[in-house]
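Okay, structure first, notes after.
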Amino acid sequence: MEFLNWVRGPGLEYATVIFLVGILMRFLEMWLIGRKPDLSRPRASASRAGWRAVWRRSLPSEGLMKNSPLVMIAGYVFHIGFLLVLLFYVPHIHFFKDVLGFGWSGLPTPVINFLSILTIAALVALLIHRLIDPVRRFLSTSQDYIVWAVTTLPVVTGYMAMHMDVMPYTTMLALHILSVEILMVVFPFTKLMHAFTFAVSRYYNGAAMGRKGVQL
Amino acid sequence: MGGLSDIPVVTAADDVASDTAITPAVQALLMELADRLEVFRQTGETHVIDLRSLPMPVAEHELLREWLGVGEVRIELDSLGPTAIHETAYPGIWWVVHRNRDGEVMTQQVEVTACPEIIRSQQEDIHEGLQRLREALPTGESA
Amino acid sequence: MSPSLERGINAFVNQIDGPIASYFNSCVHCGMCAHACLFYTETGDPKYTPIYKTEPLRRAWKQNFTFWGRLLSKLGLDKKITDEELAEWETLIYDGCTLCGRCTAVCPVGNDITYMIRKSREAMAASGHAPEGLKMATTRAIEIGSPMGVTIDTLKAQIKHTEKETGLTVPLDVQGAEYLMLLSSAEIAQFNEIIGAVTEIFDRAGVSWTLSSTAFEATNSGIQIGSADLAAELVQRIVDSAERLGVRTVISPECGHAYTALRWEGPNLIGRSYSFEVKHILEVLDELRADGRLQTSGRESARVTFHDPCQLVRRGGVVQQPRSLLNMVADDFVEMPDAGVMNWCCGGGGGVSANERANPLRAQVFSRKKRQLDGLQVEKLVTACSNCRNMLEEGLEENHMEDIEVVGLTELLAEYLPEKK
Amino acid sequence: MTRPTLAQQLARQGISRRAFLKFCAATASMMALPPTMAPAIAEALGKRTRPSIIWLSFQECTGCTESLTRSHSPTVENLIFDLISLDYHHTLQAAAGEAAELAREQAMEEGGYLVLVDGSIPVADGGVYSTIAGMTNLDMLAHTVKDAAAVVAIGTCAAFGGIPKADPNPTGAKSVAALMADGSIASKPLINVSGCPPIPVVITGVLAHYLTFGTVPELDDLGRPRAYFGDSIHDRCYRRPFYDAGKFAKTFDDEGARKGWCLYELGCKGPTTHNACATAKWNMGTSFPIESGHGCIGCSEPDFWDAGSFYKPLSAATGDLSGLAGGAIAAGAVAGAAAGLYARSQKHKAAASREKMTVDDLKD
């Protein structure tokens, strides 16, 4: 109980502060470097192509499906599953409503259950693939594995807390919240930042390509 | 508003009891009693279930009591408050309710035995009673 | 001061901008860029994974532009960039990358990896870690005027030869012409038929054009080696000549990188926009076609395919024009797999062809083009870049596929010009 | 003088063996022991003598005593007058003033007595916030505990500090355990009977256990008897099947609430609260809060008053996150701007120290 009180009290406060301060820092660090204006005469609207790329690159591409089907499918399943569970599990919505002041309707628990299992399976598949695939194994640093672990833990502990087979609910809930806090603390200092910066990089790339008249 | 009785109150257990003729908890208890009765028949080992220690609403106690029914024997004890004992419709299964002097329920037990121990005359009491009887007997001198 | 590690690191810091920071922030090591890269798919060696080639740049970013990176390197917890490391990356950045841009096109988080490698080359050159071949080519470009050592005298000889062949005047240094036509040294030295082809097409179309004796070379080795200063000098020569002649449009010839260098990088290199437009020869020809000024007679019966030069399509935005033009003359035009913006590189772009050390690797990765061609059964392979053309010819020869003829699109069109009235 | 055993005492009062057996059955039930243990209890109680008990009340509301005196099975009168010798209790004793304190001193003379404490002990400012007969609570407790056989902390205030210790705790209230831990009072076997108030049957059950066996019952990590605090309210809750089925009341007056669905989302602290409410129940065994449609507020747990709203689900944050977020965003903006501008200045420096590349740089 003391543990739970710590994780949902001061622990959550520390994590929130580190998370927000860290993300803002990273964003400003990135933005304030700035970029020189492009003096070449554009063939087409850069900004339109930029915004298009932000959306367009969320869609699966045929080539990737052919080359790395596992990363592609497991990647989609994990990202979508994770987001749905995060945003549409009723207790989570209660949490957000509490903090934000507004809520939304959630998905039925059996759906969330199913999504959690799918997400965990996809994450495990991605880890195995990272260990087996020559390219991904070669590229991977310890950070890649740490990030995998801190992303997977909240899903696993959350699922376990819902089903309470292993440990008392309190302990499991506390571990779940703690794992989320670890994720939040690690977030600004690792590649997890891509969850926010992906839109920025897609925009820059899309705009650079788009002003040349290439839409990808 | 007329009074408290006007507020519609529905308890979960009422709901459960009316919805289904038996609840899982009652069913589990009945199965336990059947097993214990079998053991008692074969080995003579008695058994007691303390209903108060079970997580069930009072309404479920009633449900269990209704399920077990009432048999041939009813006994009233007056000992540190009233105690009501009856044999259920299933011989060997007894329903025991101990109350204190204020009539509040102290324990409510279901016993699997031929005769609840508390009904028997106790050695200490017999000893003490015998003494009293002897004291009360008119002696030859007075006769 | 000569090139040094210090100068290199300084160059890294100078090159990093907001987009590069966002790209490094976003990379999740998914490895998808590897499958888009010719050098990985044809060698199977993970070190050619595009994002891995940007590792020194990443560390420069982390150590100079992130709070944590600065802290870690101050505490000595992050490796410093060393000369040995840059030497190791030299082969990845120059030999194992043609700046073809396929990785940029597939990255799910939208990283412009090609841009990052292009930027990395700035620091590589500043630290002295550029391949000999590229150094020499760039030196010749600056000192002689062409990476292949072609001079104005060579061009004048070719002009004379063309005039004799065609009976037409090849305009040189004509003040007030509408178009300034540039050439690549390969065209002057090897594929000189192009001069005649352009002369005849423009003559039929009634185009006012000229060559320039002070800016005939369109290629830019400064871009390939990664020296913005030298690249700017080469661009400036063209800009000065074009503005002196008062042309409205400068035409980049059949060359991929010459187009992107002049059209997209040029204004940023010299720090101002141009007073003229830059178009690729195929863009000009397609405009003439659309205006009805370019007409052809007769059709090619051979089975034809088109090899898209990467810098022209993916990095340049010239995609539809070659198709429209080819359809004017080709009856049996088939597209290669992944044609258009997702085409595969010939293997010699981005300065790789000028880097002799990379020859074996280049020959190895040609296997992709070979496979693509094997499936098509074509007689003619049309392209619009003299460097691609060179690479394709060499590759076909090595693979005993000389029966496929490689030809430039402008030349092909010139073959089907109607008889002069 | 040898004291009579409890059995002798009962017999002397005309209580039959049968009545004694009934009492033992009730006691076993109270102690959450299997009913088959009743004969063993009868035997043990038959040999014990009446222990002396000193009840100290400090920063408290008398709710614990109220709870105890409303204990119904067996009636507290039985317990108090028949089985124990309650030698000192502010509220209940007839004696007052010096006579009362004298009673306490006398009870202490023999040693081996049991000390019951309700209320927390203020230690701030020399303990001036609560004194009895000119003694601070701390002094009285230290003095009384010194020769005690064991201490029972009755109620959450005595066990964990309770409401007096809630933020900002102006009196410096501490629990008995905390005082033992920091050496302010002697360390003795301690039983925490938490709850605000504790369930009366739990108080008497613990006393009965001590009377019967003369030992401290098995305790959990918070010093509470496992027999009563071993399971969470949630574990023993009759509404648990609804939780498992994902059926939750969303408001106190919705269809779910009427159907008796789980109150988790309305802030029930059942899953984190260990107590015997779900089985022992309240008000003569009538019901317990959840049965009446209100979630558990977690009163038998440490810091329950500071552990967030009673009406927010357990998974809710207890701090003011949205307030905090504003500050964090401002701090992040300032730190980010500083870091960004520093990086920018580094870039300017790099640009200034940049040397133009010439063709000579390409020649070895």
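Atoms considered below: every heavy atom in the structure, side chains included; atoms not considered: hydrogens, waters and symmetry mates. Convention: sequence-line order gives letters A, B, ...; per-chain numbering from 1. What you see is a predicted model; the values in this text were computed from it and never measured.
Distance check: A/H94 NE2 to D/Y264 OH gives 9.5 Å after rounding to the nearest 0.5 Å. Residue D/L324 holds its CG atom at 10.5 Å from OH of A/Y14, rounded to the nearest 0.5 Å. Rounding to the nearest 0.5 Å gives a distance of 7.0 Å between CD1 of A/I33 and NZ of D/K347. With rounding to the nearest 0.5 Å, the separation of CH2 in A/W31 from CZ in D/R344 is 13.5 Å.
Side-chain contact between D/K250 and A/V90 is present, with heavy atoms from C-beta onward closer than 4.5 Å.
Taking both residues in full, the closest heavy atoms of A/M25 and D/G336 are given as CG-N, 3.4 Å, listed atom of the first, atom of the second, then distance. Residue A/R8 comes nearest to D/P313 through the heavy atom pair NH1-O, 4.3 Å, listed as atom of the first residue, atom of the second, then distance. Across A/L28 and D/A333, no two heavy atoms sit closer than the pair CD1-O, 3.3 Å.
Around the CZ atom of A/F114, the shell of radius 6.0 Å holds no more than 12 heavy atoms that belong to other residues, nucleotides or ligands. Other residues, nucleotides and ligands place more than 12 heavy atoms under 6.0 Å from the CH2 atom of A/W148.
Interface remark: of the candidates D/D306, D/I329, D/D235, D/I329 forms the most heavy-atom pairs closer than 4.5 Å to chain A.
At a 4.5 Å heavy-atom cutoff, the contact between A/L173 and chain D is made by side-chain atoms alone. Residue contact with chain A, scored on non-hydrogen atoms closer than 4.5 Å, is absent for D/F248.
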